[in-house]
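Please read the structure below before turning to the comments.
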Amino acid sequence: MKDLMRIKGLLSTEIESLLNQQVKKEAHSSSIYLSMASWCDRNGFDNSATYFFKQSDEERHHQLKLYKYLLDMGGTAISPEIANIKIEYNSFREIFEDALDQEIAITQSFKNIAARCHKEQDYVTMEFLNWFLKEQREEEYKARRALELFEVIGESGTGHWEIDKHVGKINYDSEAS
Amino acid sequence: MEVQQAISENLIEVFKTHKGAVYQSDDEQCLYLIFGGKTARYSFSCFSRLKKQIVSYNIEQLLTRSALLPDIEIVTLAACEHCYVLSITDLIALKDILEGAFAMFQLNHMIKDCLQRYIA
Ligand SMILES: [Fe+2]
Ligand SMILES: [Fe+2]
């Protein structure tokens, strides 16, 4: 008996579903960053607003990368519905705390997909995921560095102004990158 | 059975219960579902969507819902010509058949995967 499942595509139902969930998570991240950009802009943190607009674009790019992989491998890519995006933040610092939490959650989610790939011996998807795993190193690094500015510079006096000035300069260019 | 008469190709039995059966045609790369007195031909992807939809019904909820609601479910799929009008018992029977068939697909997939990797 022919393996019609395999002829149709490379992905198992579980991996397909996990990748679609990830598409949604990336879309969600993109919306959150967009909302953070709005808050920063409204409150006069121009550099941070620029930083978050850029982050939002990157998340959209991640979403599409996953989306196209699903289609290329014979899967069904599902355009996600995104709801409940926070509009107001209590402080400038809270934005960066949320951003780091967000990136950590995304890394965890990729680890979960990778574990499933190993279990199924889906080395093809695993190889595709490597790009994201590496990307998460940079994403976590940047989010952590941004939050550290609050300690390094301090929030009193012109602290926030100084932090905003430095946010735009965060770059991951260590030897490990 | 009338099944064999209706389809003369070389069909492979995938899964069968006393309520119905699923056959695969390797030549046509398609599936035949025999259920409720009719034979329907499906592509693998349409068949997967049918399974997904049938499995998603919450039987418990259907059994306990208001007596004012009809006891039948009409199952249609986008871009698929077949339609089923099912009682709750039919729904359970169809669910059994589809789950059985997909367990067989999965098993076949695992065997083929091993064979192709270690022997071919
Ligand atoms: Fe991302
Ligand atoms: Fe990210």
Side-chain angles (χ1 to χ4, degrees), chain A residues 1-28 63-84 109 112-130, chain B residues 3 7 9-16 21-34 40-56 77-80 95 97-120:
Chain A
M1 184 165 102
K2 275 188 185 166
D3 184 0
L4 297 185
M5 214 149 83
R6 187 66 183 85
I7 291 169
K8 188 184 154 272
L10 175 138
L11 306 170
S12 73
T13 319
E14 290 76 14
I15 300 275
E16 182 176 337
S17 147
L18 284 172
L19 291 176
N20 268 312
Q21 284 167 34
Q22 196 61 39
V23 163
K24 183 169 181 151
K25 285 176 187 173
E26 298 293 338
H28 187 239
Q63 181 199 342
L64 290 181
K65 210 176 166 86
L66 289 155
Y67 205 78
K68 285 179 179 153
Y69 177 75
L70 272 158
L71 292 173
D72 289 351
M73 296 306 111
T76 301
I78 301 168
S79 183
E81 212 172 300
I82 304 302
N84 300 321
S109 178
N112 187 37
I113 307 174
R116 182 73 210 187
C117 287
H118 279 294
K119 194 173 171 224
E120 286 186 21
Q121 304 193 331
D122 181 352
Y123 303 116
V124 178
T125 303
M126 190 56 239
E127 193 273 335
F128 167 72
L129 286 185
N130 282 334
Chain B
V3 178
I7 318 141
E9 264 81 16
N10 291 330
L11 293 183
I12 303 156
E13 183 183 304
V14 179
F15 190 75
K16 196 175 183 178
V22 175
Y23 292 90
Q24 177 169 321
S25 161
D26 276 0
D27 303 337
E28 300 173 79
Q29 297 207 4
C30 73
L31 300 152
Y32 289 92
L33 170 63
I34 290 125
R41 186 180 184 273
Y42 284 93
S43 66
F44 188 79
S45 45
C46 267
F47 198 64
S48 303
R49 285 196 287 132
L50 176 70
K51 186 243 180 182
K52 217 172 168 185
Q53 188 164 334
I54 296 295
V55 165
S56 71
L77 285 180
C80 173
K95 195 174 163 186
I97 295 169
L98 295 176
E99 281 177 335
F102 274 86
M104 289 305 138
F105 292 146
Q106 192 68 46
L107 188 61
N108 184 44
H109 172 70
M110 286 159 81
I111 295 167
K112 284 274 154 65
D113 187 54
C114 282
L115 287 177
Q116 287 166 346
R117 284 165 57 184
Y118 299 118
I119 296 168

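For the numbers below, each heavy atom of this structure counts, side chains included, while hydrogens, waters and symmetry mates do not. Each chain gets a letter, A, B and so on, in the order the sequences are listed, and its residues count up from 1.
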Original post:
If you count heavy-atom pairs under 4.5 Å with chain A, which of B:Val14, B:Ile12, B:Asn108 comes out on top?
Top reply: B:Asn108

Subject >> Test log, rule ring pair (Phe, Tyr, Trp, His ring centres under 6.0 Å), inputs B:Tyr42 and B:Phe47 >> reply: CA-CA 6 Å; B:Tyr42 284 93; B:Phe47 198 64; 5.5 Å; yes

Subject >> Which atoms of B:Gln29 approach chain A - backbone, side chain, both or neither, heavy atom under 4.5 Å >> reply: both

Subject >> Audit row: B:Tyr32, B:Val22, side-chain contact (heavy atoms from CB on, under 4.5 Å) steps and yes/no >> reply: CA-CA 6 Å; B:Tyr32 289 92; B:Val22 175; over 6 Å; no

Subject >> Heavy-atom donor-acceptor pair, A:Lys8 side chain to B:Ser45 backbone, under 3.5 Å >> reply: no

Original post:
Between B:Phe102, B:Phe44, B:Phe105, which has the largest tally of heavy atom pairs under 4.5 Å with chain A?
Top reply: B:Phe44

Original post:
Given a strict heavy-atom distance threshold of 4.5 Å, which part of B:Leu31 is in contact with chain A: side chain, backbone, both, or neither?
Top reply: side chain

Subject >> Backbone of A:Lys2 reached by a side-chain donor or acceptor of B:Asp26 within 3.5 Å >> reply: yes

